[in-house]
Structure formats: structure tokens, C-alpha cells
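One structure below.
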Number of protein chains: 2
Amino acid sequence: MRILVIGGAGMVGRKLIERLAREGRLGGKPISHLTAHDVVAPARVEAPFTIETRVSDLSVPGEAEALIKDRPDVIFHLAAIVSGEAEADFDKGYRINLDGTRFLFDAIRVVESYVPRVVFTSTLAVFGAPYPAEPIDDEFFQTPLTSYGTQKAICELLMADYSRRGFLDGVGIRLPTICVRPGKPNKAASGFFSGIIREPLAGQEAILPVSEDVVHWHASPRSAAGFLVHAATLDTAQLGARRSLNMPGVGASVGDQIEALRKVAGDKAVARIRREPDPVVAKIVSGWPRTFNPARALALGFKAETSFEEIIRIHIEDELGGKIAD
Amino acid sequence: MRILVIGGAGMVGRKLIERLAREGRLGGKPISHLTAHDVVAPARVEAPFTIETRVSDLSVPGEAEALIKDRPDVIFHLAAIVSGEAEADFDKGYRINLDGTRFLFDAIRVVESYVPRVVFTSTLAVFGAPYPAEPIDDEFFQTPLTSYGTQKAICELLMADYSRRGFLDGVGIRLPTICVRPGKPNKAASGFFSGIIREPLAGQEAILPVSEDVVHWHASPRSAAGFLVHAATLDTAQLGARRSLNMPGVGASVGDQIEALRKVAGDKAVARIRREPDPVVAKIVSGWPRTFNPARALALGFKAETSFEEIIRIHIEDELGGKIAD
């Protein structure tokens, strides 16, 4: 089985590739070859199969055709300009997030008798406030409030139509905020959700820009890789024409997060969180959806954590070798 | 005030232009100039302002720029490859319905300090079965089951994002099936909804391919023109980020249609309907939404007929000069 990971240098891409490398197979079939593609070189991963890295821009005409030349059986399409950048650079966001994806789908479409499984990572940013009574169900409409959310919603529609037509076999997964994100703090408005756990566990100070009653939808990086693998292997006949799914997660307030941190790492860790209210961040966050009832995804076998404490323990296990700062 | 009608040769476009010509103004402002654009020449209409016709293909690069060269204040974008053709010719459907619209929006976007009102005719085919308990409300999600519906749903998303960004001031209206459609029978699967009224009133036989319990959502051509004018003049601040609206209509079963015909034109007209069940048409129709609760559109002042009898009487008034066949 041949696999293509587009966006393989990102955090979720790396988690996916590491898992595939560990397991050596996908859906019971041995993996013979994996191409990790991105605009920067994906990290080297040891694997029992060949891993080829490829650095290029998917939105350059011809590149999508080159990427599928060897007819990968499964394509994970994770590449995207993130929300903030797609908002700041209108042309770049549409070029990469919409045109790049359409080039990929069209490259697949014109190849006869080639219908790969395509797993597309979408986002809960396809939704926009005002929301109905929470939790949000699977049939709530898509009214994105960012260009990023718009581009993802459009690609979901394309994926569904191309699947219906038999050009590809797509599954769209709308990821929760991935928490605890490993690595350095980033500039994403959502960064503090991870920061207030990651930094204290590493003995460092973290800044909390919002109030403790802010509720958000989380899943671990381990769950994200699990969603991708499950989406690649499930029987898509069960999906019908509705190919995009809200992923399960843990709905937790910032207060819940802090209490879970206290339980796992004590008061000393919690004391490393410094309150520094930021009205700009608070306003952005207030427009985000909070909790979901992802009934379809659960019925299809997608699994996430069941408590925020579990999310923290996974971070300690997967990223910190089981050790936390004193 | 300058007006551009893209798709001006179609039935709804013609109804709109005739109404604007009759009134001479839009939203209280006198119209100085109207361009009627289509791939075939729009019919000549007498008006108290200049009507220029332009024949070209919107999906040819550069054409959108030429169309907005004179900076129309209001743009009605009605042009589309219809459902059946978009399904039969994948490339053509995406080229005209998606790329053509995107060219238009981008041409507007790059002009500084130019934010025209854009009224975009969308479709209830942005929805797809299975449906929730009817009537369908304004927050039901978009899962189109045709390429046409997909293309329209994508354009709605683009229109909302371009509006949010301040590039244009868009309103999307999802039209009911327009009934009674004047003119000759066409090959649309929905054609019989008009045919079983139009043909009997003209003394001709009509074929009914489905059972009488089929329910559908209708509005008259006069209402369609009214929706367009209202969408061009309403205060879009009321819409917020949600720029596309399900239009009001009359939910009627085929049986209701026939009884209304009997009331207006008697048994003799009804006797001209010949039952000829067509399982292919029945299957297509079974995937269509039936009735809506268009609460937002009604609150915003959009108005349709309140009974199917009214729809028939409007046809007789507007198309038959008040006379029906004996």
C-alpha cells in the first residue's frame, strides 16, 4: 500500500507518519511506501517502509499531478495556510487552501480507474456564531466567519461532489483544537489552551489571556492521528453523501483545564499560570464554537479522550517521557 | 443608478428587466442605464432608461472586468448552467457556475472603493436528502446532491466571505421552483410542476409523471422578480454574516395544484392532465426538499404567494392576458 501525506511537516502530519511508521500497516495492509510532502522538509522518521520526502508548493500547476504519479492508495491532505495567515493574506489563503486542494482533486479526477481514499482535514471554523443551544449537532449549517473557514467549507463541498461522482473516495474530518500541542508557543489565538498546560509542566510560566469560564473543544495529538487512520480505513458506504464529520473531543472550560492540571501536577504547576487578560484574544475566542454532539462520528467509531485529565496524561506520556518539572 | 444583469436572457432575468423597465427606478433611485448580459442576446425591452445588451461568456478571463468597467451600483448575477447540464458536463458546470462567479467577485474585489450590491440567485438544491422533520428551517446544513447544488453552495460561501471582507455587498436568494413557468415545456425534471397548469390552461394536454402526493415549494415568476428587487434594496446590516436566504413560497402537493387548477379553470382543464408515471422522474423528485419555514426571509420582508390558486391567477394575468382556453 502506498500513502501520500500532503502537509507532512506539520505537527499532526508528523504524529500521523510516526504512528504509521510504528504500525507498518494501515487497515491491515502493509505499507510499502510513503511520500511526505510539504513546503518545508518533513522530519525524518524511521519506518519499516520507504519514506520519501518531497518539498514543493501544491498550488503550482502540475505539482498535484506529480504527487499522485505513483497512484497512492490513500492520500492524507493536511496542508493549509492557517487561519491567521489566510485572513492576513487573502490571495495566498485562496491559492493554497482552495486552489491547491482543487488541483489535487482534479489531478485525481482525470486519471481513469483511480479512486483513492482521500482524508481531508477540515476545521470546526466552518461554523460561525451565533450558535444554537449547545452542544452543536451534526446538522448545523456552515457559516464560517474567516476566509480559512470558508476555504475549508468549500473544499468539503468539492470533496463530497467529487466523491459522489466516483472520482475519489473522500472523508473530511473537522478537528477539535489539538491540545496539548507540543513544541514552542505559537502566535495562534488558540495557543494559550495548550500553553497553560505545556509550559507549567515544563517548569515555565504561561500566560492566560481569557477568563476561566471560556469553554472549548479539545482532543490530543494522539487522537488526531487516530482520527486520520480511522478515516482512512472506515467503510465510506456508511457515510452516504455526507462526507465531513465533526470529530469527538473533550468540552472543557479553562477552569476545568486548570483543575485537571492541579490534579495531575499539583498547585505548584498551577501557580505558573499568570493571568493577563487580552480583550483582543477574548473577542476572537468568543466567536468560536464551544461544544459538540458528534453523534455521527462516534457511531462510526471515531474516538477521543473522555476527560481533560486524560489529555494532560497523554502529553506527559507522548512528549515528556513520563516526567514533569518539579 | 447603473444596473448589470448577468443572465439577462433567462426567464427570471427577463421578468426582472421588465419590472425595472416598468418602474424606472430601484430602491427609490432612478435607473440611468442597464446592461443585460448573457451568452445569447437578451430580448429587447422598452424602458425609460438605456438598455445595453452584451453577449459573451463570463467564464472567459477578462470578461468580468469588462462587465463591471462602468461600475454598476447593483449587479444581479443570475447566470448559470442548469442542474441537468451541470451534471452531464462536469467541466462546463464548474467553469461557468463556479469559476465564472469567482471571476466576477474577484474583478469587483480588486477595484478600490467599489462595493456594489450583488444579488446572487442560488437554489434550494444546496440542500440534500435526508431532510429533518419538515418544514426545513433556516439553519439546516447544506449537503447538495448535484454538482449544480455544490457549485451554488460554494458561490454562497465565497459571496459571504467577500462581503465580510468588504469587497462587495452580497445577498444570496435561494429560489423556490418557479411556477407557472411561461413558454414551452423544457426537459428539466421539475418541468411538470408548471406543465400540468400551463398546458391545460392553454387547451393542451400535459403529462404528470409522479403521484399526486408529491409536495414541492413554489413561487411565481412575479415573486421571483420581487425577491430580486427586494434583495437589491434591503439593508444588508440586518443580514450579519449570513448572506443567503431561503425564499418564501407555497408548499403544495401535486394534488393541491390540481385542485387549484379545478377551482380556477374547471374540470375540463383538469381532464387535460394525463398520468404517465415515470420512475426516473419520481426518483429525482424524491430527493428534493419539500417545504420550508423561511422565517428570516419573511422577517426581512420577502414576499411570495400564499396559495397555489394565487400562483395560477398570476400566470393567467401576466402571461395569458387574463384569458384561459375553453
Side-chain angles (χ1 to χ4, degrees), chain A residues 86-91 93-95 97-99 101-102 105-106 109-110 125-133 136-167 172 239-246 287 296, chain B residues 86-91 93-95 97-99 101-102 105-106 109-110 125-133 136-167 172 239-246 287 296:
Chain A
E87 204 62 18
D89 190 335
F90 185 89
D91 286 300
Y94 274 90
R95 182 167 55 80
N97 294 350
L98 173 50
D99 296 329
T101 301
R102 197 169 164 205
F105 292 173
D106 277 333
R109 174 170 73 90
V110 297
V126 297
F127 301 108
Y131 300 107
I136 296 170
D137 76 18
D138 287 327
E139 301 198 343
F140 185 58
F141 70 160
Q142 284 82 59
T143 58
L145 295 177
T146 58
S147 292
Y148 174 78
T150 301
Q151 292 145 11
K152 289 287 190 179
I154 290 173
C155 292
E156 286 186 2
L157 285 162
L158 291 172
M159 188 193 66
D161 197 39
Y162 282 55
S163 295
R164 188 185 61 80
R165 291 276 194 149
F167 300 142
L239 294 178
R242 298 174 175 184
R243 297 253 169 182
S244 289
L245 300 160
N246 298 339
R296 285 191 74 210
Chain B
E87 204 61 21
D89 189 336
F90 185 90
D91 286 302
Y94 273 90
R95 182 168 55 81
N97 294 350
L98 173 49
D99 296 329
T101 301
R102 199 170 162 204
F105 292 174
D106 277 333
R109 174 170 72 91
V110 298
V126 297
F127 301 108
Y131 300 106
I136 295 170
D137 76 18
D138 287 328
E139 301 198 343
F140 184 58
F141 69 161
Q142 284 82 58
T143 58
L145 295 176
T146 58
S147 292
Y148 174 78
T150 301
Q151 292 144 11
K152 289 287 190 179
I154 290 173
C155 293
E156 286 187 3
L157 284 162
L158 291 172
M159 188 194 65
D161 197 39
Y162 282 55
S163 295
R164 187 184 60 82
R165 292 275 195 150
F167 301 142
L239 293 177
R242 299 175 174 182
R243 297 254 170 181
S244 288
L245 299 160
N246 298 338
R296 286 191 76 209

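Every chain is numbered from 1, with letters handed out A, B, ... down the list of sequences.
- The residue among Asp106(A), Leu98(A), Thr146(A), Leu158(A) with the most heavy atom pairs within less than 4.5 Å of chain B is Thr146(A).
- Residue pairs satisfying the salt bridge (charged side-chain N to carboxylate O under 4.0 Å, His left out) criterion with at least one member in residues 137-146 of chain A, sequence neighbours excluded, are listed as follows: Glu139(A)-Arg242(A).
- Only the side chain of Phe167(A) comes within less than 4.5 Å of a heavy atom of chain B; its backbone N, CA, C and O stay farther away.
- Listed by first and then second residue, the salt bridge (charged side-chain N to carboxylate O under 4.0 Å, His left out) pairs that reach into residues 143-157 of chain B are Glu156(B)-Arg174(B), sequence neighbours excluded.
- Heavy-atom pairs under 4.5 Å with chain A peak, among Phe140(B), Phe90(B), Tyr94(B), at Phe90(B).
- Between chain A and the options Pro130(B), Ser147(B), Pro144(B), heavy-atom pairs under 4.5 Å are most frequent for Ser147(B).
- Gln142(B) and Leu157(A) make their closest contact through O-CD2, 4.2 Å (heavy atoms, listed as atom of the first residue, atom of the second, distance).
- You'll find the side chain of Asp91(B) reaches within 4.5 Å of the side chain of Arg109(A), heavy atoms only.
- Proximity to chain A (any heavy atom under 4.5 Å) is shown, for Gln151(B), by neither the backbone nor the side chain.
- Inter-residue side-chain proximity for Thr150(A) and Arg165(B) is flagged as unmet; no heavy-atom pair is nearer than 4.5 Å.
- With a 4.5 Å cut-off on non-hydrogen atoms, Phe127(B) does not touch chain A at all.
- Contacts of Ala153(A) with chain B are made by both backbone and side-chain atoms, with heavy-atom separations under 4.5 Å.
- Nearest approach of Arg102(A) to Asp99(B), heavy atoms of both residues: NH1-OD1, 2.7 Å.
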